[in-house]
Amino acid sequence: FPIHEPKEMDWSFAGPFGTYDKAQLQRGLKVYKEVCAACHSMKLVAFRTLEDLGYSEAQVKALAAEYTINDGPNDAGDMFDRPGIPSDHFPAPFPNEQAAAAANGGAAPPDMSLLAKARGVERGFPRFVFDIFTQYAQGGPDYIHSLLTGYDEEPPAGMEIPEGTSYNPYFIAGVSLKMPNPLSDDQVTYDDGSPQTVDQYSRDVSAFLMWAAEPHLEDRKKTGFRVLVFLSLFGALVYLTKRKVWAGVA
Ligand code: HEM
């Protein structure tokens with residue numbers, strides 16, 4: 001049974017001049033917080049970086065304070081709970097990998113900090129070249145979106161689905177996975193009027209995870225473009241100089 005290729009989406013951050021859509025990232029954060037964070041950690045992302053999404057310092061402080069962080073040891077040598085502050089990272093839903101696996105039928109939900117890049121490299125050669133050129137791995141968010149919207153499909157006749165797993169033709173490591181369909185329509189409330197559908201949630205959370213994995217994508221694209229402009233001008237100059245220097249040589 002072939003694994004389906006991820007559907008290619010039209011992301012705002014694709015291409016050499018792509019940028020993140022902050023409203024979309026804010027919606028994606030909401031989906032992460034209200035749905036994915038129940039099982040997936042995102043350990044490398046600090047609350048303070050959420051200012052990139054357009055939140056003020058005060059909003060980030062308030063957001064961090066919603067979380068309880070286990071800190072310590074204090075002077076007495078004990079661990080203690082305190083409200084989160086902007087320099088904290090998103091806390092993990094499980095104390096360790098074993099507990100995470102035990103709660104999920106033996107498969108630990110992967111950390112989400114770099115998930116959008118994790119599956120982005122498994123693409124064919126031409127796409128790989130394209131990705132280097134635009135400094136953007138497109139497979140990742142396409143894959144996450146396809147995976148999240150791929151639970152509706154029926155398994156082909158005759159396929160055996162192991163107990164405790166869900167069929168998903170986009171899952172790259174088998175016919176089914178131990179993540180049950182996490183999204184349903186109207187599950188997360190959006191206050192900007194965007195459609196509350198599985199497709200929209202999946203797009204938004206994929207874009208958000210791309211940002212989490214590549215927060216400096218816009219700067220890197222800008223730098224890449226400047227480098228290309230510089231190299232073309234410099235190349236032209238070197239060529240003209242060469243012509244001048246060698247002009248008199250027969
Ligand atoms: C795996 C995304 C919510 C449990 C994964 C993978 C992705 C993903 C991209 C990796 C698939 C791969 O290895 O190629 C998401 C997103 C979520 C979400 C975006 C929120 C919208 C959840 C929830 C649970 C969960 C709520 C727990 C009930 C798991 C487990 C795996 C997994 C157990 C490992 C599956 C396996 O290897 O069989 N998730 N997930 N996820 N997720 Fe989620």
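Note that this is a predicted model, so its numbers are computed, not measured. Remember, it's 1-based here, ligands and their atoms both numbered in the order they're listed. Because only heavy atoms are used, hydrogens play no part in the values below, and waters and symmetry mates are left out as well, while side chains stay in.
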Worksheet entry | Linked, directly or transitively: F208 and L114 (ILVMFWY side chains, under 4.5 Å) | no
Relative to ligand 1, is [X] under 4.0 angstrom through side chain, backbone, both or neither, heavy atoms considered?
X	value
F171	side chain
Y201	neither
A173	neither

Practice prompt. Using a strict 4.0 Å threshold on nitrogen-to-oxygen distance, state whether R220 and E214 make a salt bridge.
Written response: yes
At less than 4.0 angstrom from any non-hydrogen atom of [X], what atoms of ligand 1 do you find?
X	answer
L115	7 (C), 9 (C)
L177	38 (O)
Y143	11 (C), 12 (C), 14 (O)
A107	33 (C), 36 (C), 37 (O), 38 (O)

For [atom], the protein heavy atom that lies nearest, with its residue and separation:
atom	result
atom 16 (C) of ligand 1	M112 CE, 3.3 Å
atom 1 (C) of ligand 1	P110 CD, 3.5 Å
atom 42 (N) of ligand 1	H40 NE2, 2.8 Å
atom 8 (C) of ligand 1	M179 CE, 3.4 Å
atom 38 (O) of ligand 1	K178 N, 2.8 Å
atom 17 (C) of ligand 1	C36 SG, 3.0 Å
atom 6 (C) of ligand 1	L147 CD2, 4.1 Å
atom 28 (C) of ligand 1	C39 SG, 2.9 Å

Fill in: With D204, the side-chain hydrogen bond (donor to acceptor under 3.5 Å, both in side chains) member among Q26, K30, R27
R27
Discussion item. Checking the side chain of S206 only, and the main-chain atoms of H145 only, is there a donor and an acceptor separated by less than 3.5 Å?
Written reply: yes
Worksheet item: Quick one: OH on Y143 to CD on E5, what's the gap to the nearest 0.5 Å?
Response: 12.0 Å
Worksheet item: For the atom pair CE (M42) and CG (L115), what is the distance rounded to the nearest 0.5 Å?
Response: 11.0 Å
Worksheet item: Does Y190 have its ring centroid less than 6.0 Å away from the ring centroid of Y201?
Response: yes
Practice prompt. Give a yes/no verdict on whether any heavy atom in A38 is under 4.0 Å from an atom of ligand 1.
Written response: no
Practice prompt. Please test D71 against R82 for salt bridge (Lys or Arg N to Asp or Glu O under 4.0 Å), starting from the C-alpha separation and ending with a verdict.
Written response: CA-CA 7 Å; D71 202 352; R82 59 162 176 80; 2.8 Å; yes
Fill in: F80, CZ: over 12 other non-hydrogen atoms inside 6.0 angstrom
yes
Worksheet item: Using 30° and 60° as the class limits, which term best fits the ring planes of F225 and F17: parallel, tilted or perpendicular?
Response: perpendicular
